[in-house]
Novice: 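Please find one structure pasted underneath; my questions will follow.
Owing to the predicted nature of the structure, the values given are computational and were not obtained by experimental measurement. Chain A is the first sequence line, chain B the second, and so forth, proteins listed ahead of strands; every chain is numbered from 1.
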Amino acid sequence: MEKSIDSENVPITKTKSHYFSKTLIKWGQILPISIWMLLLVVIPLMYVLIMSFMSRDFYGGIVYKFTLSNFAQVFAGQNLKIYAQSIGIGAVSTVVCLLIAYPFAMFIAQKGPVAKTILMALVVVPSVSNSLVRLFSWITLLRKTGVVNTTLEHLGIIHHPLSMVYNTGGIVLGMVYLLLMFMIIPIFNSLDRIDHNLIEAAEDLGATKWQILKEIVIPLSKPGIFAGCIMVFIPSLGYFFVSDVMGGGTSTMMGNLIENQFQTSRNWPLGSAISVMLIVLTLVLLVLFQRRGGDMADLGGR
Amino acid sequence: AKHSKTLNVIGWSEYVPQSVLDRFTKETGVKINYTSYSDPDEMLSKVLSSANGTYDMVLAPGMYVQILRKLGRLDKLDKAEIPNYQNLSQTALNEPYDKFNQYSAPYLGTVMGIAYNAKKVKTPIKSYQDLLKPEFKDSLVTVEDSRAVVGCALMATGHKINDTSKAALADASKYLAKLKPNIKIFDGSSPKTSLINGEVSAGLIYGGEIALAMQNNPDIKVVYPKEPVYFAYDVFMKLKKAPNGTNVDKFINYMLAPKTSVKFSEAFPYYNPNKQAVKLLPKKLRDNPAVTVPNNVLARSQTVLNLGKETTKIDKVWNDFKGDQ
Amino acid sequence: MTRSKHVDFWKNSLIGLVFVFLYLPILVIIVFSFNTSKLNILFKGFTFKWYALVFHNVQIMSALENTLIVGIISTALATIIGTLGAIGMQKYNFPGKAILDKVLYIPIVIPEVVLGIALLSIYSLAGIPLSLFSLILAHVTFCIPFVVLTVRSRLVGIDQTLEEAALDLGATPLKAFIQVLLPLLIPGIISGAGFSFALSIDDVIISFFTTGPASTTFPLQVYAMVKTGITPEINAISTLMMLVIVVGIAANAIFQVSKLKRSKRK
Amino acid sequence: MTDMKEMIRLSSIKKNYGDVKIIKDLNFTVYEGEFLTMLGPSGCGKTTTLRMIAGFEEPTSGEIMLNEKPVSNLPPYKRKINTVFQNYALFPHLTVAQNVGFGLKMAGVPKVKRGPQVEKMLKLVQLEGYGNRKLDQLSGGQKQRIAIARALINHPQVLLLDEPLSALDLKLRKQMQLELKRLQRKLGITFVYVTHDQEEALMMSDRIAVMNKGHLEQIADPRTLYEQPKTCFVANFIGESNIFYGKVSEITKTDTKVTIENGYLTLQSDKPVFEKQIVNIVIRPEKVKFSTTEVPGFHIPATVAEHYYAGNVNKSVLRLPNGMALKMTSAGDQKLPEIGKSGFVYWELADAILIKTTSDDVFKAVDNPDFSMVNQMGGD
Amino acid sequence: MTDMKEMIRLSSIKKNYGDVKIIKDLNFTVYEGEFLTMLGPSGCGKTTTLRMIAGFEEPTSGEIMLNEKPVSNLPPYKRKINTVFQNYALFPHLTVAQNVGFGLKMAGVPKVKRGPQVEKMLKLVQLEGYGNRKLDQLSGGQKQRIAIARALINHPQVLLLDEPLSALDLKLRKQMQLELKRLQRKLGITFVYVTHDQEEALMMSDRIAVMNKGHLEQIADPRTLYEQPKTCFVANFIGESNIFYGKVSEITKTDTKVTIENGYLTLQSDKPVFEKQIVNIVIRPEKVKFSTTEVPGFHIPATVAEHYYAGNVNKSVLRLPNGMALKMTSAGDQKLPEIGKSGFVYWELADAILIKTTSDDVFKAVDNPDFSMVNQMGGD
Ligand SMILES: Nc1ncnc2c1ncn2[C@@H]1O[C@H](COP(=O)(O)OP(=O)(O)OP(=O)(O)O)[C@@H](O)[C@H]1O
Ligand SMILES: Nc1ncnc2c1ncn2[C@@H]1O[C@H](COP(=O)(O)OP(=O)(O)OP(=O)(O)O)[C@@H](O)[C@H]1O
Ligand SMILES: NCCCCNCCCN
Ligand SMILES: [Mg+2]
Ligand SMILES: [Mg+2]
């Protein structure tokens, strides 16, 4: 009963440092990433936002004078056309990816665990080789004097080479090719997560194969579909090199527009304003995604 | 950096052969980092947005001497270090952008000619206007060079290449709007490629590129329109606070040596202003009108100059042309 | 039964077609790396010469060297920072955690151009010269979130009480980390690092904006060459790189599959 | 039982997965309106059997009859059988009402007609007005009831339930046991119920099929199973037991003697055994009695080893001379002999259950951790 | 108890998570060598309390004393307390021996010296020779034992066990209960054991601390808890009970009358109550008796509503005139009155447990699903 707090207990109080080292460990883990993200993501993007309201001097210097003219230019008629076209290409690429990826992922998800692992690994393997080199392979194959046209002409199937790249179709092909796996992975994950019992339960309750697909499988894989669509659509708007390589430079994505402002026109404020639009569009899609019960972790491509 | 062993050059892509650079490295031990661009505005952007000292020298059209000087980005060349400067032909010197040859040394000259594939193009092309014909729908290539292309449009519609008056630009815009449907590819780096591999049947492109295309595909021919043509020198410039400044002079001197000049001229057969080198050029190149631009063509050529703020007007015409489908 | 075999046939055909689509370009790369002709149109004859030549191509070699330098350093940094961050974020509450969590998704979801120009702008503002250094900063930035994501997905599978068990048994926090958490996290860390490395060595867009004259990477080199036409040398080096990476992946996959098989036997 | 209508009959059912024989020659019948429970340890094949009845799996051989008609070629959705899955398997993207109405929707019943029927089912499971809820707003027990409502809406002839209560905590499980039983009585539907909880099985079932390693050990009503187990496995799995292993040594008019290790037991003389037969004898712990003084009739000397208090009962361990430990259960308020005290165990001869068995069976029993435990304790 | 050495003392312990008060003023003492169990429903704060003792959490206020010295500033790895975690928390990347030897390794014991000690611990938990196994080659019960061996190797003064058996199946759980108890007796180490299984608590513990919503309801030995619960919560949580709510109406020499809804109950006269006091009266189901003929002394009319067979016992539900359902447990072999039969329930007056309580407490009891269930059934 009698508390004998005497000299014997002194060392115990010394170990207060235990809580100090605990704090040290905690911040040692949290600070590097926090500071890095602050300095190289948050501040740069804030700066882009600020720039979008600034003026420029003639040679591209930024003049810290508030203006809304950049946004006026953002919404100028000819830019709107590019957005429309860019969003169009992005949307078509997304839909094409979805139409290919969904059945593909579904059929793989139906396989055994070993086959699944192997097939999904095979989906990722091509991405280990350089995207541009792979993209250029399509040019090699599909240009007017490419492998396909040459072969077809040799065989007498066609007499005039088909125009398959250096046009909008070429851009879509490039986008689909590079981004398909980002559609496949989240869809596969969401399908693979579906409890097989649910499918049996539906079957038990009289659902046919199509009804199961329509009523159970598709609704339950919606987060994956949405994640895939985001992971294809948003980057496609920015992939300027795809339209450069595959489109012959005549079609422009929003990414090309931004790149132009930064790399050639030296109009950083305008480029920033367009970027801000792109950021806003991304945020809107993300909010929708989360509202629909999407899991952000699905966006990492894992 | 007195004994620096590197040299950071920013210059056109497909314009300086790697072998020439490698030889310089071998001879002097100086490693060259050659950053390429396909649109001179890209160069300007990079130079301006990067910290001083990022690049040591620039290889760009002559008018950029004016621009970079105005921005205080150029240093004078140390002519004493460049004895080979004397090899240059008088015609290439004292150009309006560098009246006293203090800041630049010409490398090669570019003419814009019309290249066509004789197998596909039957009716002869005589004028810029001929490029507007519907038969060329979706089958032209042009360079990604705003001043050059808008310049051609100005000349095609009877104006001067540096004219930025409303009327002139309106005419040029109209011309370009009609040209647009015929353009399949914008290619600033290697417009020859699409000509060679048959993706396009004609193009408004740089002389050297035409010559290369002709070498690779005998069906390719060159023609100069009856209107004035574009001609410009690409010149070397030394950037301010270049950490490897002495290497710049050394490098220019090396490039102006006839032995070197022949090498790059063979690889990229543009108009060569080096009198000593021209003598050494193979006959085939000397006789090719795409390389050795005929005097009458040179006579009606015009060159682009810096237009200061007026440039934005050209930019707008260019952007409308490129962006609008 | 026969009907289901029929269905299986169509399903497998679709899977096959998609794989053809994914692998055809790679086949092209490999085939033309052995082509005597430089033109990449017809296969004129078989040769190994490009494999020899590419190693003498100063530009390609220096681009490769830059790529590896950037890839390795960025991966190492991103892996360390990301792993620590993932652990810290799982374990602790701290002001701004929710925001940090959201910020981590930015590099993943916003178009790369935007991050590219944002970094370029901030470098320009801060007077940071474009160089290998600036490139590494950029690469670490877009790699960190992927490391965090992979490590975190591994972390949730690790029982939190394991670390407590270690403390309970007398391990200091550092020992508990090294002896218990780290060994268990290793697969996640490795795959996060692998992911980072793959992203880094293939990055075009962000590198495009943040590279300097002396730091051209392989993808940028290729980008510069695309218009001219990619030479068989590039095909050759790409083939070699693929070979190296595929062997790595295959080893990992075999390991995983055999693990799966083992656990299935239980 | 013979006058009852057969609902399901399994004839010579076998099921292999690859080379592994999961179900070995299963035969039993489920009658109309019956509450039949399949009871057995984990992995014994209960789920597999249920899935074959539902149609999710095909038997490797043998025939399943529903209403005296073979169903081998009927896909699951054509059998008038519905299933309540172990983990509920509710559709997470649908509301409660949509879940319950799913079966009707699949059958093409228009929306307006579904509403009232759904409401009726919800009422049946005492969840009226929950229709618009999302599943994550429900407790485990409520989810369980939704799963039942969903399975019942198509008026199945048979309801299969695979450990429907195993995810619930003890109190809720007990409550749901009663509710399920009540529901089954009310609807008169045939229930085939799977559990590995013997207490649950005893309380709820009309009959219990005890399974072990893919075969049927015994099928009978709860009381028969408890009082007349046919195998050591059943004796051990249902309730607690003390199991002796011995050989019939002497049969007289008044009694039968069975020699066990270091001693003998006495059985009532009417047991149908013959001399030298190897048998097991099972005594339930609650039948075991202990006295410090010698009792008339059958008894064995024993020492009190341990006591455990369990509220309403006391559990004791008694040690026999041969070291074997014997479990004894007595009322919680009864005075217990001191630990270490010597005395005698005894029981009514009628309470000894005879299992005619091969020695194989004994070893099976010994495999059982509960049994081996006791011996182990006796051994140290 | 007062002459026993204090091992752990919790004084005025409070713990908040943010604004939520998880533990509200907890005070109790654990004595040396004692087997103390913390029992309570899920979420009542058992784990939180244990984690504070182990040092993983800091109390918001109050003091924890180990060996009569405050430990607030000692990190977990400096307390001579070890923990057996609910899910074992074995290190999956280490072998059995490495797991068991982990504590020694952390203490800097060289490898050669660790070996024999590890082997000794493995022997203690009857897993000699398992040292080189991987964890995934072990069964649940074996893992459990490894966790114990690992926690014991550093010779802790106190072993904390957080629901160590909850992941095991019934039979194995019962076996491990006995083993754990035996181990504790053998080693004489203080055990602080957490469970929400009342049967487990009763069987194993020297004393039980019953917790509810972050506070201590009662701390006592098992028999006291069962026979003299202080609150309805304890009565209801430990064992089954029938709880009446009423008001003391008349106190005479011979007995005390308590008015309940539609009737009254009789209590022994020695109960310390006063007139008009609101009280609860608890009757254990096994004390309830039923007779079809009137019995002398206290009795209430009742009807037989339901029977459930549970092997060694029968569970019955009896309906009182006011509709209330009363649980009754009788021996499994006893003959049961027919369902629907009318008669009388009665019990020994001494078996009625008096709980002096406010009406608040009654509602707590009614919240309990098991209790409400019975009333519900009675109501329909
Ligand atoms: N698809 C399958 N492939 C191979 N073996 C299987 C498969 N499904 C089940 N098994 C095996 O069949 C045996 C019986 O499984 P089943 O699920 O029927 O057991 P259970 O009695 O329901 O057990 P539990 O009580 O654990 O649910 C198990 O050993 C299991 O491993
Ligand atoms: N880190 C935490 N933050 C906030 N609340 C917590 C935290 N840990 C526990 N709680 C809450 O404290 C309460 C008590 O939790 P605790 O884990 O101690 O309960 P328990 O008695 O061990 O329950 P169980 O039997 O389910 O293990 C619960 O309501 C829980 O939700
Ligand atoms: N591929 C590089 C071509 C360079 C031609 N010089 C053009 C100068 C025109 N402004
Ligand atoms: Mg099962
Ligand atoms: Mg707990």
Novice: Can you find a pair of side-chain heavy atoms, one from D/Val192 and one from D/Thr49, that are under 4.5 Å apart?
Specialist: no
Novice: Show your reasoning for whether side chain to side chain donor-acceptor pair (under 3.5 Å) applies to D/Tyr193 and D/Glu200.
Specialist: CA-CA 10 Å; D/Tyr193 190 96; D/Glu200 187 168 298; 2.7 Å; yes
Novice: On a heavy-atom basis, which atom in A/Leu213 and which in A/Met106 lie closest, and how many Å separate them?
Specialist: CD1-SD, 3.4 Å
Novice: Non-hydrogen atoms of chain A under 4.5 Å away: do they reach the side chain of D/Leu160, the backbone, both or neither?
Specialist: neither
Novice: With only heavy atoms counted, which part of D/Ile153 is less than 4.5 Å from chain A, the side chain, the backbone, both or neither?
Specialist: neither
Novice: Taking all heavy atoms of D/Gly45 and all of D/Ile23, pick out the closest pair and write down the distance.
Specialist: O-CD1, 3.5 Å
Novice: Determine the minimum heavy-atom distance between A/Pro235 and A/Ile230, stating which atoms define it.
Specialist: CD-O, 3.5 Å
Novice: Who passes ring pair (Phe, Tyr, Trp, His ring centres under 6.0 Å) against D/Phe102, sequence neighbours left out?
Specialist: D/Phe91
Novice: Any idea which heavy atoms bring D/Pro59 and D/Ile64 closest together, and the distance?
Specialist: CG-CD1, 4.0 Å
Novice: Picking from D/Ala54, D/Pro75, D/Ala89, which has the most non-hydrogen pairs under 4.5 angstrom with chain A?
Specialist: D/Ala89
Novice: Is there any N or O donor on one of chain D and chain A with an acceptor on the other under 3.5 Å, and could you list each such pair with its distance?
Specialist:
residue: D/Arg51; atom: NH1; partner: A/Glu200; partner atom: OE1; Å: 2.5
residue: D/Arg51; atom: NH1; partner: A/Glu200; partner atom: OE2; Å: 2.9
residue: D/Arg51; atom: NH2; partner: A/Glu200; partner atom: OE2; Å: 2.6
residue: D/Asn82; atom: ND2; partner: A/Asp204; partner atom: O; Å: 2.9
residue: D/Asn82; atom: ND2; partner: A/Asp204; partner atom: OD2; Å: 3.1
residue: D/Thr83; atom: N; partner: A/Asp204; partner atom: OD2; Å: 2.7
residue: D/Thr83; atom: OG1; partner: A/Asp204; partner atom: OD1; Å: 3.3
residue: D/Asn87; atom: OD1; partner: A/Asn197; partner atom: ND2; Å: 3.3
residue: D/Asn87; atom: ND2; partner: A/Asp195; partner atom: OD2; Å: 3.2
residue: D/His93; atom: NE2; partner: A/Glu215; partner atom: O; Å: 2.7
residue: D/Lys105; atom: NZ; partner: A/Glu215; partner atom: OE1; Å: 3.0
residue: D/Lys105; atom: NZ; partner: A/Glu215; partner atom: OE2; Å: 3.4
residue: D/Met106; atom: O; partner: A/Gln211; partner atom: NE2; Å: 3.4

